[in-house]
Amino acid sequence: MKILLKNKDINEALKKVSNLGFVPTMGCLHRGHEYLIKQSKRKCNQTLVSIFINPTQFNNKKDYLSYPKNLNKDLNILKKLKVNFVYIPNKKEIYSLKRKKAIILKNENKVLCAKFRKGHFEGVIDVMDRLTNIIKPNKIFMGEKDYQQLLLVKKFIEKKYETKIISCKTVRDKNKLALSSRNQLLNKKDLIKAGKIAKDLFHFKIFLKNKKKIKNLLQQKMELFKKNFDIKIDYLEIRKKNNLKSSSTIKNSKIFIAYFINKVRLIDNF
Ligand code: AMP
């Protein structure tokens, strides 16, 4: 496994590589990341994983500084998975060149996390543009766990590059809670709570099948969650799978949630 720190090392290391799979991460790896890496290994000749906590996608400095890190554990996981390359750039390496054209989200895209985390997706798209330009992968593997991110990045990257974005299912623990690096910031009680919320939303999705006026049902669910779990909810909405437009049925749609447990912000979709 080759560890690359500089962009110039990437050019050298990837000279003879064809059909490269790329898995971008912010580290603190878990089985969700591992699943993406396994998909890349199945579909590509070689796999590169990046570990970079991207400052520009955090709309809150405290959140950026407290983002969990565990580089040694990450490197052990990547070695075990027989990843070919790990790219661990610093901020300067990624951001030394100034962008020619600012990334601007269309108003129609300013929903869900784009509405609640100002500048977040602009930061995500910026770093994905830079990483894709440096690495030039054939395929990038991304998780449905961050569904809005997946759609926005796919649209941008596939328009600008020949790279294909491959979406991968969300990996969950036995309580149905989506694995996330941020789960590390929760205590045991809050993890159980988050699991209960995930399980509830799974059943809720089934319950919504064939229901027409779901707006009231969503509102009731929101009130119930606030009361039973003592959480702050940014949004609980149903939107179309393909374009995230508002939907009044669960058909071809997904439930999206973002909420805080003890100041830790979790997102999921079902
Ligand atoms: P992150 O390190 O949180 O920025 O995530 C890196 C990639 O892993 C993104 O494409 C995420 O969508 C994906 N990912 C995160 N959690 C999961 C999960 N539980 N299942 C599948 N993919 C995930």
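Order of appearance sets the numbers: ligands from 1, and atoms from 1 within every ligand. From a predicted model like this one, the values you see are computed outputs, not experimental measurements.
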- Just by modelled atom types, is the M128 backbone N or O under 3.5 Å from a matching donor or acceptor in the T132 side chain? yes
- Message: How far is atom 20 (N) of ligand 1 from the closest protein heavy atom, and which atom is that?
- Response: V171 N, 2.8 Å
- Note on the structure: atom 6 (C) of ligand 1 sits nearest the protein heavy atom P24 O, 3.3 Å
- Query: Is E12 salt-bridged to K15, going by a charged N under 4.0 Å from an acidic O?
  - Reply: yes
- Should the proximity of R172 to ligand 1, defined as any heavy atom under 4.0 Å, be assigned to the side chain, the backbone, both, or neither? neither
- What residue and atom, counting heavy atoms only, is the protein's closest point to atom 21 (C) of ligand 1, and at what distance? K169 O, 3.3 Å
- Message: Between the side chains of D63 and K61, is the shortest nitrogen-to-carboxylate-oxygen separation below 4.0 Å, so that they form an ion pair?
- Response: no
- Qualifying salt bridge (Lys or Arg N to Asp or Glu O under 4.0 Å) pairs with a residue from residues 188-200, counting only residues at least two apart or across chains: D200-K221
- Message: Once you restrict to heavy atoms under 4.0 Å, what part of Y147 touches ligand 1? Side chain, backbone, both or neither.
- Response: neither
- How close does the nearest protein non-hydrogen atom get to atom 10 (O) of ligand 1, and which residue and atom is it? G143 N, 2.9 Å
- Note on the structure: The closest protein heavy-atom partner of atom 22 (N) of ligand 1 is L36 CD1, 3.5 Å
- Within one Ile-Leu-Val-Met-Phe-Trp-Tyr cluster: F85 and I140, side-chain cutoff 4.5 Å: yes
